[in-house]
Every structure is written in structure tokens, then in C-alpha cells.
Amino acid sequence: MNAPFSPSRRDILKGTSALVVAFSLAGSRLEAFAQNAPAAAAKPVTPDQVDTFLAIDEKGAVTVYAGKVDLGTGVRTAFAQMIADELDVPFEKVSVIEGDTALTPDQGPTYGSQSIQNGGVQIRQAAATAKAALLEEAAKRLNVAKEDLIVTNGAIGARSSNQTVTYGELIGGKQFMLKLDPAAPTKKAADYKLVGKPIPRLDVPGKITGAFTYMQDFRVPGMLHGRVVRPPALGAKLTNVDESSVKQIPGVKVVREGDFLAVVADNEWNAVRAARELKSSWSKSETLPDEKKLWEHVRNTKIVKDDVTSNIGDTKAAMAAEGRKLSATYDFAIHTHGSIGPSCAISEFKDGKLTCWSASQATHNLRKQLAKMFSMPLDDVRCIYIDGSGCYGRNGHEDAAADSALLAKITGKPVRVQWSRADEHGWDPKGPPTLIDLRANLDTAGQVTAWEADFFIPQGAAGMVELVAASLSNMPTDTALSPGGIVQDSAIGYKFPNIKTVCRRLETTPFRPSWIRTPGRMQNTFANECFLDEIAAALNVDPLELRIKYTDPADTRGLETLKRLEKLSKWERRPSPQKNVTGNVVKGRGVSYVKYELVRTYVGAVAEVEVDRTTGDIRVTKFYVVHDCGQIINPAGVEAQIEGNVIQTVSRTLKEEVTFDRSMITSLDWASYPILRFPEVPEIVIELIDQPAEKPWGAGEPTAAVVPSAISNAVFDATGARLRSVPFKRDKVKTALQSA
Amino acid sequence: MTITLKVNGKSHEIDTDASTPLLYVLRNDLGLHGPKFGCGLGQCGACTVQVGGRAMFSCIMPIAAIGGREITTVEGLLENGKPNKVQQAFIDEQAAQCGYCIAGMVMRAQSLLQTNPKPTEAEIRQHMRPNLCRCGTHAAILRAVKRAAAA
Ligand code: FES
Ligand code: FES
């Protein structure tokens, strides 16, 4: 350990206050100051230091510095709960600063349901380290044994005397100068007072009264409003711009850099009008595949490598052995993030340094990308997170940031870029099309002897997604495909003797890919959990029973999840489809289950549906979810995430599909890319399994993984028709009904 | 052109192009950030405000078309600086995830309860239909509207 309580660098916060976006939990207020910011002072941001994550001022107020950000999930409140509890300070004394690259550590992007599991746990460890050091110092000051000390509301007292000393007195305003101790003891489960409680989210009142400042609401003095004029076709080149076409709109300037075309104006509406009215000519470009032959195109795309994600036993021999062979092909459409508020950012160049305010889920990565784009040293770029409209992955926020930075650079003024609806639907990166082949062998005794799967998915992982503005203007940017960790959940946890799952990584995919909530896990689990249902039907056994039968008996939490689901949903054990159904509108139920990424959060779900056999319309009427994400920090937050996962994924499953012609995306608004509306929202029944003594796991995505398969399996139960292609639109349903 | 707008009980002289949608005037000229830009197409409801007592999409309403009608935004629902009944019900139900759609949802719900104080579940769902939410907060929003109706 370093010497604690160095009195040096007292004013870590003072020096940086100008640009800080602090979220004070006490008053639910967002302070965003943008004037004359001095450079951030020397607060550490490396993950090995306590001061990176925590500061305590003279009054005992605690500031948490989080690299993970609150995307509307409630993690800001959850972090405050965890840290207030760990330090034994009142909840109201904790405030959280998120995603400011000058002040907060790089804890990785806010994705993959890792904010609590990794980000929060790391900050908790910093708090535990700090607390141990504070207790040690208090023992010296009070001249008592450390074991004699007890902390109440940030004051350390001795049990044997009535002396106390506060955190503020011990450390107020100073840095800890301590290495984060990964072994510092955290509280025991029984001692938590705030963890596990449904503490109301402190950003919620402001969001409901209109007082909350979103990225889209933030303003910088002297800024211009920018709008980008997009090429009408992917790959089209700008051949001519007629600036006189917007002459009549006051205060407009046309900006062109390569194929990047934009307008700026001091009045926002004038910028919108100018972007609409500006006449420009572009070369013809037809680079996209024929939408009607999308799946042929995917199957014929060059495979650059195979990732074998599981290889147990010998599937080749097992498939060749005697038995009943099953095979099926599943596909899952291209999806867009569909943020309700289109992406927005503000950038400002000052004294050769770039500041960018963004709702990016990965400000540290954005900083690197902007530094690369403008060939600037990393130290000269600062990105500051401000809450935006939910992004559900890597949407257009980073691209809006690059747009605004480029315009700020060219105009010499701060520039705010607000994307249009068509920008967001047309130009945010997409969840790639996914094609999956499955095969199984069932022996005469009714055992599953082999399971084989091939997943046709683009190459790449969760990296830096190419910036549109950089590409259009020929500036440096990362060009490798970054679809996210889409190989996850291609492997299965069921105990079949022979399993082989292979991700066939494709050289290209029609649109710039990125991760959208539950990337890969949703598509892969859809195919796996539907195909398991096909096996259950082939064996004429109850599908829930089959899942229990092939779950590892040592996996008691998994089995408990399934058992509770059976009870919660009043599951009637019988094979699907149900017999003797009559009438036009038929009902069914389907089950699905996942142990997320095979190593964490358990989710079991049952969907109840009604299918209109004449129209092909599906209504999801009810959804039951049993969820075990280990230690629950805030049960209200977890439930909100589960509800959101269900509703959003019912929408994706029933309705959503990006459409395109040979040049460009054609689903550019909510009419051509409809999402679920209120009358279609299912009733949702949730049972949380809390494991206070276990590690906390993610809850932001896992439920979404089981939704499409639960619906497909329920439709099969109702009708005997198997839906293997998301979205389950009328025509597909009707075709499936005819062949059922 | 110069137009007089009555917003949240106060009159404002606005000098701007007649084609400017009300949303831009509220957000940029009057600093009212509750109404949000979502689509500019009348498809999502993020911009919902009351015009003449009715819920409207402010993103597609040019200020020249408003005439003398009074405008209420989510900020104008506050009573003595405190959340009104509908807002309080949303707070109590924690009916926001990212919250970007929520000001519009509150305004839509407000207009329902003004004309139909005891709506059925089906009526609530039908009335709220124009407004989109991507976070899947619908279930909490429905609970909030029911709570407000019961309050
Ligand atoms: S922003 Fe007005 S309806 Fe979408
Ligand atoms: S709460 Fe995020 S869009 Fe509705």
C-alpha cells in the first residue's frame, strides 16, 4: 500500500469543475457547465487507483467516477447504492460522474450487461479499499483497536468510547493515494442496508417534469446547428452541389469535404430546411444484394474463418449412426436500434483541443476514434457523456459526434448535430442478418445423441465501428467489421453426448454492423431454443421437461429457475402442439431458457400467444419470466430491465425488419419500420431469484435472448406451425400455417 | 414574422419564419426542453404538447397555424412547482427508462384523463397508441396512467 492521506493535490475537483457533468443524487440535478474550461487536473483515471473511482470532500460527500454510463437502465442509482452501502454513508451523500474521459476510468463500453457485474464491482472494490484505510486511520486517531470501530452515516465511532471521527475529517478533499486492493473485504450479504432495495431512481423525476437535460437539450454558447446531407445511395459520390438552392434561407453555410456534405446555421430550423432544400447530385451506386434473395446472399458470402464454439464427443459419427435425423434452418432479419431520439452531439475545438459532448455508451473509445480521425494526440481530445435517448448498443451517437467534430473543425465554431429520423434509420449501424443451420440425431430410445449447428455471421467482434463522417470525408477511421460478440450463445449448455457448434465467419455483411441489445445471443438462442422445441415435438415429450432432463444436474440454479418457471406459469406438462384446437383464434404457450453466455444470468420464460389463423396475426398476451442474476442491487431496476427486454424483443420478433433496394435502406421512418405500440404490449409476470451472497450478474440483456424462441414455440403449440424466420409477419405465418 | 404565443400561461412574442414548427420554438426560443424531437413526422409522439387543450404533435405544427390557441408543455403541468397528479403517478411508478419519450407520454395521458377520468385498460392503450417508446417502458406507463386515474 502507498502512504495514505497525502495532503497533496487538494483541489482535484475544483480544477476540473468547469466541464464536469455531475449528477447529484441529492437534488437530482444535472449541472453542465461549458464555459472556459481549464484542462482537467491531475485526478488519476487508471483502474489501479482508489482515487480513480472515488473522492470524499470535507463534508463527507462522496463522488463516484464511473466509466460505465447510465443509458436509462438505472445503473447510476445502483452504483450510488452499492457505494453508499459499502462505505456506510447516507445514499443522498453520493453523486456519480459518468463517462467523462478526463475524469472517469476506461471501464470499457457500456454494453453486454456488464455495468454492475464488472463496472460496479470494481468501484465497490475501490470503496472497500478506501474504507479499510479510513478505519485504520481512525483507529490511530481515536487510539482504539480497528475491531472496536463502527461506521454510521460516514462517521467512524468506537464502541468502547463515545469518540467519533468523520470521513470528511479524515480525508476531506484529499486524495487517498492508494492502490485499489482487489482483496479488500467487502461487506457480508447480511450487512447490506441499501443493496437489494428498490430505491427510486433519482433521474426519474426530472425526466417526468421536463427538467432533465439530455444530450439533445444541451447547448454550448455560440454554437451552430449542423445537419448532414446524406448520399442517396451507399457508396455514391458527390458530383455537384448547387449552393444557390439554399440562398433564400438566412444564415446558412454549406460545408463540403469529399463526399461529406452538410449545412450549418445559427437557427436550427433553418439548418433543417437547408438540408432538405439543398440541391446536390450524386453518382449512381448499387452495392446492396437483392433483398428478396438476402438469405442466398448470406449463404454464398465468402467464409473467412470458422470459430468452433463447442466440440464435445464426435458429432460426425453420432450423426451417421442410426436414428431419426432432424434438420432446420433459421434466420433473423437485419434490425436497427431505433432510438426514439435520433443521435446528437456537440463538438468544440479550442486552442487545438477537441471537446465532444455525446451520449455515446463508450466515450473512451470515441475519444480514440476522434483522435485518430483528426490525427490528434489522445490527450487533446476529451469526450463527455450526457444521457441521451436510449441507444441499446452502438447506434448513431458516435457518428453524430464525428459529424459535429468535423463541422466544428471546418467552421471554427462549436457545432451541434442532431440527426433526423431518416439519418437514424438509414445510417446508424445495423444488427447483421443471421442465418443458422441446425441438425440433430435422435436414437430409438428417445435420446438426443447429436447436436450440430452452423451460424453464418459476419467476422469481427466488439471493436471500433467505422465512423461515417470519416469515411465520407476520407479521414482516418477503423474499417474492420465490429458486429459485437455475436458468437456468444452459439454453444449450448444442454448435456447431449455429442455437440458441435461452428460460427462460420463471413467476409462481409450488407450494412455496417454493430451490436444491438443481446447481439448474437438473441439470434443464436432463437434458433437453439426453437430447435430444441422441434426435438421435443419429434420425441412427443413436454418441452419444459426436455430442458430439465438435459440440464446438468449439478446446475442447481438452472434447475431452480426452470422449476419456478413451471410453477409461476402454471405450466401443464404435455407435448406440443396441443390437440383438437378449433376456431379462428387459437391459443398456445411456449417455453425458452438460457444460461447467458453459458456462465451467468439464468432466464426462463413462457410466452402465451393468440394466433389468428385467417389473418396470420400473432398477439403475445402474456409473458412469464424467472430471472436469477445473482446478487440483486436494485430489484425495481432489474424488473424494469426485464419488462423492457420483453417488450422491445416482442417488437423485434413480430415486426421489425430493415428493408432496402440495391442502393439504400428504404425503411427510413416508423411507418416503414414499425415497432410495438401500446395495444400490443403483453402482460408481464416476473419472479426474481435473489442470491444476496453471490456475485451480481448482468440484467440489461439476458431476458431478450429467450423472447423470440418462446413466442415461436408458443405459436407452434397453438397451431403446429413452426416459425423459423424473424420477424413473424403475417405472410410468413400464413405460409407456415398452410404447411403445418 | 412576429407571432404571439401563449405558452404555459404566459405570452411570448416570437420572431421567426412562419414555417417553423412549434417544437423548435418551444425548445430553442423558449428553452422548454420537455417536448422532444423524435421524428419530425408525426409518427412517435416525443414532441406531444397540448394545443387548445388537445394533445398534438408539435413537430409538424407550423407556428403560423396555431392562432390564439393556448399551449401547454410538460413543464406547464407543474402545480406550484410540484409534479401534478399525472406526473406524480409516473414518478411513483418509476415510469421512465431512458425517459426520452416520457414527456410526450405524460402529455398524452394528461389529455386522456382530462376528457375521460376513469378510462378502461383498453381505452388507455388505444389513447396512448400514437406515442412510441423504444425502451419498453409501456407496462410501467400503463400502471402510471391507471394510478393517476385512481388518484
Ligand atoms: S417528434 Fe413529433 S411525432 Fe415524432
Ligand atoms: S423510456 Fe426510453 S424511449 Fe421510452
Side-chain angles (χ1 to χ4, degrees), chain A residues 71-74 198 200-201 203-214 216-217 249-250 267-270 272-273 337-342 344 387-392 418 420-421 636 640-641 643-651 669-671 675-684, chain B residues 16-17 19-21 24-25 27-28 31-41 43-44 46 73-78 82-83 86-88 90-92 94-106 122 124-142:
Chain A
L71 303 169
T73 57
R201 266 171 55 185
D203 52 335
V204 164
K207 288 179 171 178
I208 285 161
T209 58
F212 190 88
T213 302
Y214 288 88
Q216 282 87 347
D217 305 324
I249 305 171
N267 176 292
E268 187 175 16
W269 179 241
N270 286 341
V272 175
R273 284 160 70 203
H337 297 83
S339 301
I340 294 296
C344 181
D387 300 51
S389 184
C391 60
Y392 326 103
Q418 160 77 72
S420 69
R421 177 47 50 200
Q641 284 303 297
E643 285 186 347
N645 270 286
V646 169
I647 294 167
Q648 189 181 73
T649 315
V650 168
S651 177
D669 62 12
W670 293 119
I675 62 172
L676 209 68
R677 289 186 182 265
F678 273 96
E680 306 155 305
V681 170
E683 182 189 346
I684 302 163
Chain B
T16 190
D17 191 274
S19 71
T20 311
Y24 292 84
V25 172
R27 290 177 57 79
N28 294 338
L32 295 166
H33 290 160
K36 295 281 186 276
F37 172 76
C39 65
L41 305 165
Q43 293 180 338
C44 76
T73 71
V74 77
E75 292 92 341
L77 296 186
L78 293 172
K82 297 235 166 61
V86 176
Q87 290 172 318
Q88 191 57 49
F90 272 70
I91 293 170
D92 292 343
Q94 293 281 291
Q97 290 189 50
C98 80
Y100 197 86
C101 68
I102 293 297
M105 294 287 180
V106 169
I124 298 172
R125 285 175 178 244
Q126 202 49 43
H127 180 90
M128 298 302 289
R129 197 177 182 283
N131 287 42
L132 294 177
C133 172
R134 184 53 160 171
C135 295
T137 312
H138 307 69
I141 295 167
L142 290 171

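Lettering of chains follows the sequences in order, A, B, ..., and the numbering in each one begins at 1.
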Q: Below 4.5 Å from any heavy atom of chain B, which atoms of Val272(A) appear? Answer side chain, backbone, both or neither.
A: side chain
**Q.** Residue among Pro342(A), Ala636(A), Gly74(A), Ser339(A) with most heavy-atom pairs under 4.5 Å to chain B
**A.** Pro342(A)
Q.
Can you tell me how far apart OG1 (Thr20(B)) and CG (Asn267(A)) are? Round to the nearest 0.5 Å.
A. 6.5 Å
Q. Distance from Gln126(B) atom CD to Phe678(A) atom CZ, nearest 0.5 Å?
A. 11.5 Å
Q) Do side-chain atoms of Lys207(A) reach the backbone of Ala96(B) as a donor and acceptor pair under 3.5 angstrom? A) no
Q. Side chains of Ile340(A) and Lys36(B): does their closest heavy-atom pair fall under 4.5 Å?
A. no
Q.
Would you compute the distance between atom CD1 of Ile208(A) and atom CE of Met105(B) and round it to the nearest 0.5 angstrom?
A. 12.0 Å
Q | For chain B, the option from Gly210(A), Pro679(A), Gly390(A) that forms the most heavy-atom pairs under 4.5 Å | A | Pro679(A)
Q. Do you know which of Pro35(B), Gly34(B), Gly99(B), Ala95(B) has the most heavy-atom pairs with chain A at a distance under 4.5 angstrom?
A. Gly99(B)
(Q) Just so I understand: if I count every heavy-atom pair under 4.5 Å between each of Arg134(B), Gln97(B), His127(B), His138(B) and chain A, which residue has the most? (A) Arg134(B)
Q: Pick one of side chain, backbone, both or neither for Leu32(B), based on which atoms fall under 4.5 Å of a heavy atom in chain A.
A: neither
(Q) Are Gln43(B) and Asp669(A) packed together at the side-chain level, in the sense that at least one heavy-atom pair is separated by less than 4.5 angstrom? (A) yes
Q) Heavy-atom distance under 4.5 Å to chain A: side chain of Val106(B), backbone, both or neither? A) side chain
(Q) So, taking the atom named SG in Cys135(B) and the one named CD in Glu643(A), what distance separates them when rounded to the nearest 0.5 Å? (A) 12.5 Å
**Q.** Residues which pass side-chain contact (heavy atoms from CB on, under 4.5 Å) with Pro200(A), listed by chain and number, not counting sequence neighbours
**A.** Gln94(B)
**Q.** Options Ala139(B), Gly38(B), Ala140(B), Gly31(B), ranked by heavy-atom pairs under 4.5 Å with chain A, top entry
**A.** Gly38(B)
Q: Against chain A, label Leu132(B) side chain, backbone, both or neither, depending on which of its atoms sit under 4.5 Å from a heavy atom there.
A: both
Q: Could you check which of Cys101(B), Cys39(B), Ala103(B), Pro130(B) has the highest count of heavy-atom pairs closer than 4.5 Å to chain A?
A: Cys39(B)
Q | Atom pair CZ (Phe212(A)) and SG (Cys98(B)), whose distance is rounded to the nearest 0.5 Å | A | 9.5 Å
Q) Which bit of Ser651(A) comes within less than 4.5 Å of chain B, counting heavy atoms only: side chain, backbone, both or neither? A) side chain
Q. Quick one: of Glu683(A), His337(A), Gln641(A), Glu680(A), who has the most non-hydrogen atom pairs under 4.5 Å with chain B?
A. His337(A)
Q) Just by distance, do the side chain of Arg677(A) and the backbone of Arg125(B) share a donor-acceptor pair under 3.5 Å? A) no
Q: Look only at the side chain of Tyr24(B) and the backbone of Asn270(A), and say whether a donor-acceptor pair between them is shorter than 3.5 Å.
A: no
Q) Which of the residues Cys44(B), Cys133(B), Ala46(B), Pro83(B) is involved in the greatest number of heavy-atom pairs with chain A at under 4.5 angstrom? A) Cys133(B)
Q) Sequence neighbours excluded, which residues qualify as side-chain contact (heavy atoms from CB on, under 4.5 Å) partners of Ala640(A)? A) none
**Q.** Phe37(B) versus chain A, the contacting section by heavy-atom distance below 4.5 Å
**A.** both
Q.
Set out, in order, the CA-CA distance, both residues' side-chain angles and the distance that settles side-chain contact (heavy atoms from CB on, under 4.5 Å) for Arg27(B) and Gln216(A), then state yes or no.
A. CA-CA 10 Å; Arg27(B) 290 177 57 79; Gln216(A) 282 87 347; 4.2 Å; yes
Q) If you measure from CH2 on Trp269(A) to CG on Asp17(B), what distance do you get to the nearest 0.5 Å? A) 8.5 Å
**Q.** Under 4.5 Å from any heavy atom of chain A - which part of Thr16(B)
**A.** side chain
**Q.** Per-residue contact mode, Leu41(B) against chain A (heavy atom under 4.5 angstrom)
**A.** side chain
Q: Pick one of side chain, backbone, both or neither for Ile249(A), based on which atoms fall under 4.5 Å of a heavy atom in chain B.
A: neither
